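One structure is given here, and the rest of the page talks about it.
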Amino acid sequence: MKRILVTGSVGQIGSELTLELRKRYGNDNVVAGVNRTQPTGLLKDSGPWELANCTDFEQLKSVVKKYEIDTIYHLAAILSGVAEAKPDLAWNVNINGLYNVLEIAREFNCKVFIPSSIGAFGPSTPPDKTPQDTIQRPTTMYGVTKVSGELICDYYYKRFGVDTRGVRYPGIISNDTLPGGGTTDYAVEIYYEAIRNKKFTCNLKAGTFMDMMYMPDAINAAIQLMEADSDKLIHRNAFNVTAMSFDPEIIAASIKKVIPEFTMDYNVDEVKQGIADSWPNSLDDSTAKEEWGWNPEYDLEAMTKDMLSVLEKKINV
Ligand code: SER
């Protein structure tokens, strides 16, 4: 039987992933691990939650022991914008936190899901249809921690047999919990502002292409990979996955189709622009398709339609 711990369960991905895992594996079998912020609403009411700060080895270990955890979805992480502002914090959470998770997984024989990111690539990476295996020399602190994470996860599998698995997520767009401090966050904020004010000021330049994905596909990617037949996995960690690639002009045009009065102007954040410019324009995710059947459901038009209709109800109630 599966006994799952989700770290970072109040975060953008963690909050929705925890609820989906509870649906699939039973409420009591999925522990929402939090750092400081207590869960609220359904996340709090539908199942157990515990303080499980990944930088606190003993605290994390005691939760794994108490609930006899056999699977960890390690979602606690510092995103790219915050990592540039606080590199020491990013190193501590993204590296030392992951190391703690892996050591505990080794001791308690847990399977581990760890997200990497498009941020694991850098300016010398081929930017279009970036291959699965290619140059990785990121120039951001976030990217440095993500590449290190990919490598240490491979190492723990090869050296100690810890069943580590992971994907390189693109920007994730969702209508529930907001992302915190990422470079791709504009693609979430634009929908909120389209509903609230029918206009948006974008902090990245026109022509800045990045990969993106709607949350239901991001959740499916994690669970599908964790359920995949181990023998079929040639890669284990850091699978390129994507659902779409667009720049600010293209997402704005897709919103305009639904809200014709919507307008957008620009006020570029140089730090975030620099980060975005160092990342690929689009990923090649054929390896994930071949090895475990990755197949996203939402394209830009379907996502925009759903985002706007959900946010319309949420904001205008
Ligand atoms: N969404 C993340 C960020 O922008 C990328 O993985 O930091």
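Both ligands and their constituent atoms are indexed starting at 1 by order of listing. Keep in mind it's a predicted model, so treat the numbers as computed, not measured.
Environment of CD in Glu261: crowded, with over 12 heavy atoms of neighbouring residues, nucleotides or ligands closer than 6.0 Å. Heavy atoms of other residues, nucleotides or ligands lying less than 6.0 angstrom from CG of Asn267 number 12 at most. Remark: Tyr157 OH is loosely packed, at most 12 non-hydrogen atoms of other residues, nucleotides or ligands lying under 6.0 Å away.
The nearest protein atom to atom 1 (N) of ligand 1, hydrogens excluded, is given as Thr184 OG1, 2.8 Å; this is a heavy-atom distance. The protein heavy-atom contact nearest to atom 4 (O) of ligand 1 is Thr183 N, 2.6 Å.
In terms of polar-atom proximity, defined here as any N/O pair under 3.5 Å, Asp185 makes no such contact with ligand 1.
Within the set Ala83, Ser80, Ser117, the minimum heavy-atom distance to atom 5 (C) of ligand 1 is found for Ser117.
Side-chain contact of Arg22 with Asn27: a donor-acceptor pair under 3.5 Å is absent, judged by distance alone.
With a 4.5 Å cut-off on side-chain heavy atoms, Tyr156 and Ile152 count as touching.
Contacts between Trp279 and ligand 1 below 4.0 angstrom, taking non-hydrogen atoms only, involve the side chain exclusively.
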